[in-house]
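Encoded as structure tokens, here's the structure I'll be asking about.
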Amino acid sequence: MTIHIIDFHTHRLDASAALISVDPRQFDPQPGRCYSLGLHPWNSLTIDDSETALTALEQHASHPQVLAIGETGMDTLRGADLDIQAQLYLRHLQLAHDLGKPVVVHMVRTARPIVDVRRRAGLTDVPLAIHGMRGNAQVARMLIDEGCYLSFGRYFNPTALMATPPDRLLIETDDSEVTILEVASCIAQTLGRSVHDITTTAADNARRLLAY
């Protein structure tokens, strides 16, 4: 891959310089684009209902344009019961481990379970990137101590951003209408850095994490 990924997480299929997150059942790789594949926890109802998506994930996850697994994770506000979400998240972790790929994590009020599931399964070698990070500095430091990367979008807690080491920083647009340069500008202003510095740092970190 020669593309430099700046936008670490987006759902826009036409995005460039981006890691595009799609459901594996809708995977239709286009030239020059990079993808992450996973079953979003909002779409989890039961294990049986999710098997079709998981089968498609296993079929497509080794495709050379798929650089990460996810988004997957746990959400206290939407989706199936948390125990079901945890089982589905674990399936993604196991696949990522087998393929040597990182996992893009959706996390809503579940920071501790996200790291605990990985630890109990003995999969702490699987890199995690927490997308849409909105937690506070305490949560950020805990995740960083667990080896996670943190991806910040349009909305974020400034204390968490300032607690994030430069080598763990990623930026994203997710499903918002703002551009990645607008996100970078907001982050740069908060950190007292230049937009060029932020985009370069984010691209370097994405390249290291995704190994492309």
Side-chain angles (χ1 to χ4, degrees), residues 4-12 15 17-21 34 36 40-41 67-78 89 93 102-119 124-212:
H4 288 178
I5 294 174
I6 301 173
D7 187 348
F8 187 77
H9 181 79
T10 183
H11 295 279
R12 286 184 51 193
L19 186 66
I20 302 168
S21 180
C34 303
S36 62
H40 197 294
L67 302 186
I69 304 302
E71 63 185 289
T72 180
M74 302 173 70
D75 189 322
T76 61
L77 303 180
R78 292 180 63 174
Y89 168 55
L93 290 174
V103 173
V104 180
V105 176
H106 173 100
M107 181 192 81
V108 176
R109 302 179 184 177
T110 54
R112 180 52 64 183
I114 286 294
V115 299
D116 284 349
V117 167
R118 184 180 64 156
R119 183 178 292 166
T124 54
D125 59 327
V126 176
L128 302 184
I130 310 299
H131 105 79
M133 176 64 186
R134 297 193 191 184
N136 59 27
Q138 181 179 0
V139 172
R141 284 190 287 266
M142 185 273 289
L143 293 168
I144 290 162
D145 287 346
E146 294 288 338
C148 300
Y149 288 72
L150 304 183
S151 184
F152 294 87
R154 183 179 184 182
Y155 303 107
F156 57 85
N157 185 315
T159 67
L161 178 62
M162 291 185 284
T164 302
D167 65 350
R168 301 289 186 85
L169 175 68
L170 300 165
I171 60 176
E172 65 177 71
T173 58
D174 196 9
D175 56 2
S176 70
E177 296 299 320
V178 300
T179 67
I180 195 61
L181 289 180
E182 289 174 309
V183 173
S185 178
C186 187
I187 289 174
Q189 183 176 16
T190 302
L191 294 177
R193 297 167 60 184
S194 70
V195 172
H196 179 266
D197 188 19
I198 294 299
T199 56
T200 300
T201 296
D204 287 347
N205 292 341
R207 186 180 304 108
R208 183 174 63 255
L209 175 62
L210 299 170
Y212 68 92

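Quick caveat: nothing in here was measured; it's all calculated off a predicted structure. Only heavy atoms go into these numbers, but all of them, side chains included; no hydrogens, no water, no symmetry mates.
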- Query: Below 4.5 Å, heavy atoms only, C-beta onward: do V183 and F152 meet side chain to side chain?
  - Reply: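 With C-beta onward as the side chain, the pair stays apart.
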
- Message: I need the minimum non-hydrogen distance between I171 and A184, along with the two atoms involved.
- Response: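 Heavy atoms of I171 and A184 come nearest at CD1-CB, 3.9 Å.
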
- Backbone N or O of V178 within a donor-acceptor pair of the R154 side chain at under 3.5 Å?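 No: the side chain of R154 does not pair with the backbone of V178.
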
- Message: Holding to side-chain hydrogen bond (donor to acceptor under 3.5 Å, both in side chains), I want the full list of residues that pass it with T190, two or more places apart in sequence or in another chain.
- Response: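 Partners of T190 by the side-chain hydrogen bond (donor to acceptor under 3.5 Å, both in side chains) criterion come out as none, since no residue qualifies.
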
- Excluding sequence neighbours, so at least two apart, what forms side-chain hydrogen bond (donor to acceptor under 3.5 Å, both in side chains) with D116?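 Checked D116 against side-chain hydrogen bond (donor to acceptor under 3.5 Å, both in side chains); zero matches.
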
- Message: Has T110 got a side-chain atom pairing as donor or acceptor with M107's backbone, closer than 3.5 angstrom?
- Response: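 Answer holds: no.
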
- Query: Any donor-acceptor pair under 3.5 Å linking the side chain of S36 with the backbone of G70?
  - Reply: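 Answer holds: yes.
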
- Message: side chain to side chain contact (heavy atoms under 4.5 Å, CB included), that's the test. Do T164 and M133 meet it? Break it down for me.
- Response: CA-CA 11 Å; T164 302; M133 176 64 186; over 6 Å; no

- Query: Cut-off 3.5 Å, side chains only: do T159 and N157 have a donor facing an acceptor?
  - Reply: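 Yes, N157 and T159 have a side-chain donor paired with an acceptor closer than 3.5 Å.
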
- Task: Measure from the side-chain N and O atoms of Y212 to the backbone N and O of C34, and report whether any donor-acceptor pair falls under 3.5 Å.
- Result: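 Such a contact is absent between Y212 side chain and C34 backbone.
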
- Query: Distance from I6 atom CD1 to T199 atom OG1, nearest 0.5 Å?
  - Reply: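 With rounding to 0.5 Å, CD1 (I6) is 5.0 Å from OG1 (T199).
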
- Heavy-atom pair of closest approach, residues R119 and T124: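 Minimum heavy-atom separation between R119 and T124: CA-CG2, 3.9 Å.
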
- Between atom SG of C148 and atom CG of L209, what is the distance when rounded to the nearest 0.5 Å?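 Going from the SG atom of C148 to the CG atom of L209 covers 10.5 Å.
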
- Query: Does the N205 side chain pair with the main chain of P166, one donor and one acceptor, at a distance under 3.5 Å?
  - Reply: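 Side chain of N205 to backbone of P166: a pair is present.
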
- Task: State the NE2-OG distance between H9 and S21, to the nearest 0.5 angstrom.
- Result: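 Separation between the atoms: 4.5 Å.
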
- Between L161 and L169, is a side chain to side chain contact (heavy atoms under 4.5 Å, CB included) present by the stated rule, with each step listed? CA-CA 8 Å; L161 178 62; L169 175 68; 3.8 Å; yes

- Apply side chain to side chain contact (heavy atoms under 4.5 Å, CB included) to the pair E71 and H11, showing each step before the final yes or no. CA-CA 10 Å; E71 63 185 289; H11 295 279; 3.1 Å; yes

- Under the 3.5 angstrom rule, does the side chain of R208 hit a backbone N or O of D167 as a donor-acceptor pair?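 Answer holds: yes.
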
- Message: When you compare the side chain of V195 with that of I198, does any pair of heavy atoms fall below 4.5 Å?
- Response: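 They are not in side-chain contact.
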
- Looking only at heavy atoms, what is the nearest atom pair of A160 and G135, with distance?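 Between these two residues, the closest heavy atoms are CB-O, 3.1 Å.
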
- L191 versus M162: any side-chain heavy-atom pair under 4.5 Å?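 Side-chain contact under 4.5 Å: yes.
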
- Message: Using side chain to side chain contact (heavy atoms under 4.5 Å, CB included), reason through L150 and R168 one step at a time and then give a plain yes or no.
- Response: CA-CA 6 Å; L150 304 183; R168 301 289 186 85; 5.6 Å; no

- Query: Is any side-chain heavy atom of D7 closer than 4.5 Å to a side-chain heavy atom of T179?
  - Reply: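 The answer is no; the side chains never approach within 4.5 Å.
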
- Message: Keeping R118 on the side-chain end and V126 on the backbone end, is there a donor-acceptor pair under 3.5 Å?
- Response: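 A pair under 3.5 Å: yes.
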
- Item | M74 versus I114, closest heavy-atom pair with distance |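 Looks like N-CD1, 3.8 Å.
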
- Query: Which residue pairs satisfy the salt bridge (charged side-chain N to carboxylate O under 4.0 Å, His left out) criterion with at least one member in residues 186-195, sequence neighbours excluded?
  - Reply: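 Checked against salt bridge (charged side-chain N to carboxylate O under 4.0 Å, His left out) - neighbours excluded - the pairs reaching residues 186-195 are R193-D197.
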
- Query: Out of curiosity, Y89 OH to H106 NE2, how far, rounded to the nearest 0.5 Å?
  - Reply: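 So the gap between those two atoms works out to 12.5 Å.
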
- Message: Rounded to the nearest 0.5 Å, what separates atom CD1 in I69 from atom CG in L128?
- Response: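 Interatomic distance, I69 CD1 to L128 CG, rounded to 0.5 Å: 12.5 Å.
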
- Whether Y155 side chain and R134 backbone form a donor-acceptor pair below 3.5 Å: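 No, because the side chain of Y155 does not come within donor-acceptor range (under 3.5 Å) of the backbone of R134.
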
- Item | Interatomic spacing from CG in L67 to CG in L210 - rounded to 0.5 Å |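 Going from CG on L67 over to CG on L210, the span is 5.5 Å.
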
- Task: Using atom types as modelled and distance alone, determine if a side-chain donor or acceptor of N136 lies under 3.5 Å from a backbone N or O of Q138.
- Result: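 Confirmed, N136 side chain pairs with Q138 backbone.
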
